[in-house]
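The structure under discussion appears below in the form of structure tokens.
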There are 2 protein chains.
Amino acid sequence: MAKTFPDRQRTLGSLLRLPYQALQSAVYGALAERGFDDIRAAHSAVFRHIDADGTRLTVLAERAGMTKQSMAYLVDALAQAGYLTAAADPQDGRARRVLLTRRGDQAMTALLELSADFEHRLAERLGTARMARLRTLLEALADVVEIAPDGANAT
Amino acid sequence: MAKTFPDRQRTLGSLLRLPYQALQSAVYGALAERGFDDIRAAHSAVFRHIDADGTRLTVLAERAGMTKQSMAYLVDALAQAGYLTAAADPQDGRARRVLLTRRGDQAMTALLELSADFEHRLAERLGTARMARLRTLLEALADVVEIAPDGANAT
DNA sequence: CAATTTAGTCAGCAAGACTGACTAACTGGA
DNA sequence: TCCAGTTAGTCAGTCTTGCTGACTAAATTG
């Protein structure tokens, strides 16, 4: 009993999703343990796209492939938690530049470190050579996907 | 201007997320075009884990790594849209077996086809050999991640 | 300088996940 | 056999993270 469907092997989707989710929970779990317990995975959209000298909300939203309202929500939460500040844009009176605070910078550094850590731990299990090949292939894949099959493309 | 942070190269996370999201939007977009426009990505948690001879809600939830309430929500939507039916479980009066209808079966078939299509299109761009190597490495990665680094593991 | 575009806000909605408290049914031991 | 404990599923409510639409204020351009 409990017949599995015959042709349902592992789809590419699950092969990508599985390690991605493992990484996410490992990284954001460890981040919380380091004291950054008010940063959630969604907030990484900000850290991923902010420039060292600040970035306007609209630009952040564009880069992350989401609406400015959604981005405003994320930025707001991070600003209230002390990771970001907003300064007036000298070039444009309507705009505000979003900037990382010192603490925001620390959080981003931690985020990058933890991600690298996770990759190292995987490399230990998979073998350094295979991990390197995997990374190379994923980079090639990303290049190929960027000019994407169907128009719909973000982040 | 617009200085990028120096050490922010492509993290493993983005290398996994990018193709994953591209696949998702391509597959579910095409699925909608084929007439299955009431199936959303989250519903795949059901299709991924249901057995040919039906599966109980609790089992589905467990396999998908989510609460039974969340799974009930997904099952409910798919049942109302005609993709699933529920039959009483002869072994257990409390339980109901969730079953695919004929239409549910068609949707799952389409889902698998479209996923394979997408993979083929990527293979064309990346080269068949490289795509095969990538898949092999991802399968190895999945095996290694399954015994995961941090306890927190689902799906 | 009027018309249009752009930056950001406000208000409200929806999907998809969660927790806690509950009912009904099954199971194992005294 | 019956009662205590476990299990299947539901109900009600919350939270996160995305969306749309309508708006104000500032900038740009013909």
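Heavy atoms only: backbone and side chains are in, while hydrogens, waters and symmetry mates are out. In what follows, chains carry the letters A, B, and so on, assigned in the order in which the sequence lines appear, proteins first and then strands, with residues in each chain numbered from 1.
- Distances shown here put every side-chain N or O of B:Arg94 at or beyond 4.0 Å from the OP1 or OP2 atom of D:dT6.
- Listed candidates were C:dT9, C:dA17, C:dT19. Nearest to the side chain of B:Ala42 is C:dA17.
- For the pair A:Gln21 CD and C:dG16 C1', the computed distance is 13 Å after rounding to whole Å.
- Closest approach to the A:Arg56 side chain among D:dT17, C:dG8, C:dC26 is made by C:dG8 (side chain taken as heavy atoms from C-beta onward).
- One atom, CG of A:Leu60, and another, P of C:dT9, lie 12 Å apart when rounded to the nearest Å.
- Between A:Ala41 and B:Leu57, the residue anchored nearer the 5' end of DNA chain D, judged by the nucleotide with its closest heavy atom, is B:Leu57.
- Put simply, the side chain of A:Ile39 reaches to within 4.5 Å of the side chain of A:Phe47, judged on heavy atoms.
- Rounded to whole Å, atom C1' of D:dG9 lies 10 Å from atom CG of B:Asp92.
- Comparing atom distances between the A:Thr58 side chain and each of C:dA7, D:dA8, D:dT16 picks out C:dA7 as nearest.
- At C:dG16, none of the side-chain N or O atoms of B:Ser70 fall inside 4.0 Å of OP1 or OP2 (strictly under the cut-off).
- The one candidate from B:Val75, B:Asp76, B:Leu99 that meets the side-chain contact (heavy atoms from CB on, under 4.5 Å) condition with B:Leu84 is B:Val75.
- For B:Met66, taking side-chain heavy atoms from C-beta onward, the closest of the listed nucleotides C:dA17, C:dG8, D:dG18 is C:dA17.
- For A:Arg40 and D:dT14, the CZ to P distance is 18 Å, given to the nearest whole Å.
- Salt-bridge formation is detected for the pair B:Arg10/A:Asp143: a Lys NZ or Arg NE/NH1/NH2 atom is positioned less than 4.0 Å from an Asp or Glu carboxylate oxygen.
- With distances taken from any side-chain atom of A:Lys68 to the nucleotides D:dT16, C:dA7, D:dC19, the minimum falls on C:dA7.
- Nearest to the side-chain atoms of A:Arg96 among the listed nucleotides C:dG16, C:dG8, D:dT17 stands C:dG8.
- A donor-acceptor contact shorter than 3.5 Å is absent between the side chain of A:Asp51 and the backbone of A:Asp53.
- Between the P atom of C:dA15 and the CG atom of B:Asp38 lies a distance of 12 Å, rounded to the nearest Å.
- Rounded to an integer number of Å, the gap from OH of A:Tyr73 to P of D:dC15 is 10 Å.
- When rounded to the nearest whole Å, the span between CD of A:Glu62 and C1' of C:dA7 equals 12 Å.
- With DNA chain D read from its 5' end, the first of the two nearest nucleotides for A:Gly93 and A:Leu74 is the one closest to A:Leu74.
- Between the CG atom of A:Asp76 and the P atom of D:dT16 there is a distance of 14 Å, given to the nearest Å.
- For B:Gln69 against D:dG13, no side-chain N or O and base N or O form a donor-acceptor pair under 3.5 Å.
- Judged by distance alone, the side chains of A:Arg48 and A:Ser44 do bring a donor and an acceptor atom under 3.5 Å apart.
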